[in-house]
Amino acid sequence: MPKDRVFNFAAGPSTMPLEVLREAQSELLNYGETGMSVMEMSHRSKAFQAIHEDTKARLRALLKVPEDFEILFLQGGATLQFAMVPMNLIGRTGKADYAVTGSFAGKAADEAKKYGEVRIAASSKEKNHTYIPAQDQLDLHEDASYFYYCANNTIYGTEWQYTPQAPAGVPLVADMSSDILTRYIDWDKYAVVFAGAQKNMAPAGVTAVFVNKAYVGNALPISPVMLDYAAMIKGDSMHNTPPCWCIYMMDLMLKWIDAQGGIPAMEERKRARSKLLYDVLDSSSLFKGCAEKGSRSFMNVTFVTGDPEIDKRFIAGAKERGIENIGGHRSVGGMRASIYNSMPIEGVQALADYMKEFEKQG
Ligand SMILES: *Cc1c(COP(=O)(O)O)cnc(C)c1O
């Protein structure tokens, strides 16, 4: 790690691998003999078309995405998908089931209420979203157009450790913004999977959306064309100008993940990274993990000391050591270490060492 770089634990936008940034830097002024930057080229150019195709192909290969899914690169973030999903899918029965396991899942449910009947299949709110409901705690209905859940709760630091089972004929929809590319996905069960890219795969500005074609073509008539999956598929994400630079950066990131050993390597690393921190939490009498064991996130480790003043001192001391952005989300406080695919184990080790030292010194 160069001396002028810090270990950046931000939840998103978040750190990217040095190799990826250097490659982008080396191609910034002249991409592949075109004499221009990817930022400057037409999205219809041969050079950019090749980048776009490569990004889709890599994503498909890495995550073993079957051919009945289209891969879209859209704008508006994960938050726009909170509306796009019901606009396209809820029309089938007029109803959908939502698990509210955190802030983003709650926002998605609220948005969906504008377009149909939303039933809360489970809510962890009464325990401050510190756990993920078990399968038998989910109140699911056969007449739901889909069952929606947020796979990793970025703010609370909880993650579904299992793929929920919906009633026969009811597909799943999942927000995987903060844990995409860290494990394989059981595609057969899903209608839509989406991920804002700025957590685990690219800079902010692009959202990867995987759409099962079997569920396309039922957008509510009020849907703007930009919110109609069918139109986006027809235009191959280029109904209008796509976020070209972000797609290019995602391509570099996917190449990097490939070179590291793909999803199995990312899975192994996420376990190693999160174990370092949870082991410290489990043996600490100062720090306390926020999430219940069994629901703990591999991606966002949330913890507190119980005293906001000590939290503040801990966060300030971390910054002095080049450990940045470990403050919890503004809505919950405490600490949060976001340890996505790009976070090197050395960064996590540095944080774990600092936690132990801080506790010893009191
Ligand atoms: C960050 C995040 C969002 C919001 O993403 P935007 O791209 O800012 O809309 C939604 N869901 C999850 C799980 C997130 O981590």
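Just follow the structure's listing: the first ligand is 1, and inside any ligand the first atom is 1.
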>> Centroid separation under 6.0 Å, is that true for the rings of H329 and Y156?
In response: no

> For the rings on Y31 and Y248, is their centre-to-centre separation under 6.0 Å?
Replying inline: yes

>> Using every non-hydrogen atom in the two residues, find where I90 and S145 come nearest and quote the distance to one decimal.
In response: O-OG, 3.1 Å

>> Going by the rule ring-ring contact (aromatic ring centres under 6.0 Å, His included), which residues pair with F287 if we only count those two or more places apart in sequence or in a different chain?
In response: F303, F314

>> Under a 4.0 Å threshold between the charged nitrogen and the carboxylate oxygen, would E53 count as salt-bridged to K56?
In response: yes

> Listing by chain and number, which residues have a heavy atom under 4.0 Å from ligand 1?
Replying inline: G77, A78, T79, F82, F104, C150, N152, T154, D175, S177, S178, Q198, K199

> Under the 6.0 Å and 45° cation-pi test, does K275 pair with Y278?
Replying inline: no

